[in-house]
Asks: 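Once you've had a glance at the structure underneath, I'll fire off some questions.
In what follows, every heavy atom counts, from backbone to side chain, and hydrogens, waters and symmetry copies are set aside.
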Amino acid sequence: MKLRDAPHELHLTYCTNIHAGESWSEVKESLRQSLVPIRQSATTAPFGVGLRLSAAAAAELEENGELAWLREFFSDHRLYLVTINGFPYGAFHGQRVKENVYLPDWSDDRRLAYADRLARIAAAMFDASMIEEISISTVPCGLRRSGSAEWLERVLLRIVSHAAYLVELERRHGSRLTLALEPEPGCWLESTDDVTAFFDLLFSRRWVQHLAGLTGTTAACSEEFLRRAIGICLDTCHAAVGWEDPDALLDALAARGIRVAKAQISAGLEFGSDGSREREALSPFANDVYLHQVTVVGPEGVRRRYLDLPEALDRATDEFSPAEIWRIHFHVPLFLEELGGLRTTQAVTRRFLRALLVRNATSHLEVETYAWNVLPEALRGDVVTNVSRELAWTLNEIQS
């Protein structure tokens, strides 16, 4: 929804990746059965949508003439597109996802083709009367272990090629689109230092000139466009697991001219490793569907990182002291401070939200608790009710 009393343009939505569905027909059904009731509970005003499309669904939508249906559906229900989640290329529910969520990464032409397709869809859905730009979030280049000099070269080449395609779409349709790389623990872009180092490369003279050559523009125009059209998606759960400080992170991005194209408002798990009771309470969250990265901080600030929660639990008895604190990448309800005997990172989410608002750092806020169906059964509840509560919680934080 567009928040009219905000000091700058600000849109609050939720990501439809919470609804299972990899084909376009499944996505259509979830829009009818879930998005519409959530929209009705949230506001009577026009409602912005955070749309998730797999590569298969996006192809079906574009190639089968379904864009006309989507535009009519949006018009009928007073909806407009705010952002697209282009992170998961393939299946995201009901089966093992784990590391596959990062594949194909940005060294692969399939990732570029997927991003280009999502950009075409966004351009077709762009409504300048409701929004200034549409953001499209994507993988943080790839897993950290993917990296080599040659791999990074391929990543940068494809991202700049995508930027050139965004120039073409803007010239053709007048649509302003932004690609938002989403830092995540265990990935090439994980920490603030990772992000600033990568964007220093992306904004360097070499890649600016490459974009200028692809688009027939001056280097100055190309640099300006590159800085506007490529930014980050700041996920507050990911940042909490990375023990990022909101003010330091946003100050570092601003100093380098790196945009926060969108922010995903999410919370994870946190607990102190002070006994078997807490470790037992955490075991139900160690599912076999998603990666649940863990960062452990000791009393002297020393950190251990684990790519997944089962690995951390297996090694907990011998390695972790009672004074250490765990943070776990498991998206949990925003409106809960604790659940199942564990704390959440809700307080960190609140700090990030405040810092984003004070700085006018982004105009796109997206609630993204996608893990409802893998929460312990007693915590799942009705998704429509839960997402409505999350939107209400976030709106209250914005207005307080």
Asks: Quick one: side-chain contact (heavy atoms from CB on, under 4.5 Å) partners of Arg32, sequence neighbours excluded?
Replies: Lys28, Glu29, Trp69, Phe73
Asks: Can you confirm whether Arg172 is buried at CZ, in the sense that more than 12 heavy atoms of other residues, nucleotides or ligands lie under 6.0 Å from that atom?
Replies: yes
Asks: Side-chain contact test, heavy atoms from C-beta onward, threshold under 4.5 Å: evaluate it for Val139 versus Tyr89 and give yes or no.
Replies: no
Asks: Please list all pairs meeting salt bridge (Lys or Arg N to Asp or Glu O under 4.0 Å) that have one or both residues in residues 391-400, counting only residues at least two apart or in different chains.
Replies: Arg350-Glu397, Arg354-Glu397
Asks: Find out if a path of hydrophobic residues (ILVMFWY) with successive side-chain heavy-atom gaps under 4.5 Å connects Leu143 to Leu103.
Replies: no
Asks: Might you work through the side chain to side chain contact (heavy atoms under 4.5 Å, CB included) test for Val82 and Lys2, ending with a clear yes or no?
Replies: CA-CA 10 Å; Val82 173; Lys2 190 171 184 177; over 6 Å; no
Asks: Report the residue from Ile84, Asn85, Thr369, Leu51 that forms a side-chain contact (heavy atoms from CB on, under 4.5 Å) with Cys15.
Replies: Asn85
Asks: Does Glu224 CD have over 12 foreign heavy atoms under 6.0 Å away?
Replies: no
Asks: Would you please name every residue forming a side-chain contact (heavy atoms from CB on, under 4.5 Å) with Ala58, sequence neighbours left out?
Replies: Leu53, Arg117, Leu118, Ile121
Asks: Can you find a pair of side-chain heavy atoms, one from Leu234 and one from Gln264, that are under 4.5 Å apart?
Replies: no
Asks: Heavy atoms, side chains only, cut-off 4.5 Å: are Ile328 and Glu270 in contact?
Replies: no
Asks: Which salt bridge (Lys or Arg N to Asp or Glu O under 4.0 Å) pairs, counting each pair once, include a residue from residues 371-396, with sequence neighbours left out?
Replies: none
Asks: I'd like to know whether CD of Glu168 has more than 12 heavy-atom contacts from other residues, nucleotides or ligands below 6.0 angstrom.
Replies: yes
Asks: With Asn64, which residues qualify under side chain to side chain donor-acceptor pair (under 3.5 Å), at least two apart?
Replies: none
Asks: Is it the case that one hydrophobic cluster holds both Val358 and Ile265, taking links as side-chain heavy atoms less than 4.5 Å apart, direct or via other members?
Replies: no
Asks: Using 4.0 Å as the upper bound for N to carboxylate O, is an ion pair formed by Arg205 and Glu223?
Replies: no
Asks: Hey, quick one: are Val241 and Val97 part of the same hydrophobic cluster, counting side-chain heavy atoms closer than 4.5 Å, chains of contacts allowed?
Replies: no
Asks: Indicate the ring-plane relationship of Tyr370 and Tyr290, choosing parallel, tilted or perpendicular according to the 30° and 60° boundaries.
Replies: perpendicular
Asks: Do Asp127 and Leu81 have side chains that approach each other closer than 4.5 Å (heavy atoms only, starting at C-beta)?
Replies: no
Asks: Could you walk me through whether Lys262 and Glu366 satisfy the salt bridge (Lys or Arg N to Asp or Glu O under 4.0 Å) test, starting with their C-alpha distance in whole Å, then the side-chain angles of each, then the deciding distance to 0.1 Å, before giving a yes or no?
Replies: CA-CA 7 Å; Lys262 68 186 274 190; Glu366 181 181 49; 2.8 Å; yes
Asks: Using atom types as modelled and distance alone, determine if a side-chain donor or acceptor of Glu26 lies under 3.5 Å from a backbone N or O of Ser23.
Replies: yes
Asks: Do Arg158 and Arg111 come within less than 4.5 Å of each other through their side chains, counting heavy atoms only?
Replies: no
Asks: Would you check, one step at a time, whether the test salt bridge (Lys or Arg N to Asp or Glu O under 4.0 Å) holds for Arg343 with Glu337?
Replies: CA-CA 6 Å; Arg343 296 190 299 274; Glu337 292 182 87; over 6 Å; no
Asks: Using 30° and 60° as the class limits, which term best fits the ring planes of His329 and His238: parallel, tilted or perpendicular?
Replies: perpendicular
Asks: What pairs with Arg228 under side chain to side chain donor-acceptor pair (under 3.5 Å), at least two apart in sequence or on another chain?
Replies: Glu170
Asks: Would you say the side-chain atoms of Ser135 pair up with the backbone N or O of Thr178, donor to acceptor, closer than 3.5 Å?
Replies: no
Asks: With side chain to side chain contact (heavy atoms under 4.5 Å, CB included) as the test, would you mind laying out the steps for Phe199 and Leu253 before giving the verdict?
Replies: CA-CA 10 Å; Phe199 277 85; Leu253 296 181; over 6 Å; no
Asks: State whether Arg359 and Asp247 are salt-bridged, where the test is any N-O pair (Lys NZ or Arg NE/NH1/NH2 against Asp/Glu carboxylate O) under 4.0 Å.
Replies: yes
Asks: Determine, step by step, whether Arg176 and Glu132 satisfy the salt bridge (Lys or Arg N to Asp or Glu O under 4.0 Å) criterion, reporting the C-alpha distance in whole Å, the side-chain angles of both residues, the deciding distance to 0.1 Å, and the verdict.
Replies: CA-CA 7 Å; Arg176 290 172 60 105; Glu132 292 180 356; over 6 Å; no
Asks: Assess the pair His11 and Tyr80: is the distance between their ring centroids shorter than 6.0 Å?
Replies: yes
Asks: Check whether any side-chain heavy atom of Leu291 lies under 4.5 Å from a side-chain heavy atom of Leu309, and answer yes or no.
Replies: no
Asks: May I ask you to test the Leu156-Trp106 pair for a side-chain heavy-atom distance under 4.5 Å?
Replies: no
Asks: With side chains defined as the heavy atoms from C-beta onward, is the minimum distance between Thr394 and Leu12 less than 4.5 Å?
Replies: yes
Asks: Walk me through whether Asp108 and Arg154 qualify under salt bridge (Lys or Arg N to Asp or Glu O under 4.0 Å).
Replies: CA-CA 8 Å; Asp108 192 315; Arg154 295 196 302 271; over 6 Å; no
Asks: Does a donor on one side chain sit under 3.5 Å from an acceptor on the other, for Asp308 and Gln293?
Replies: no
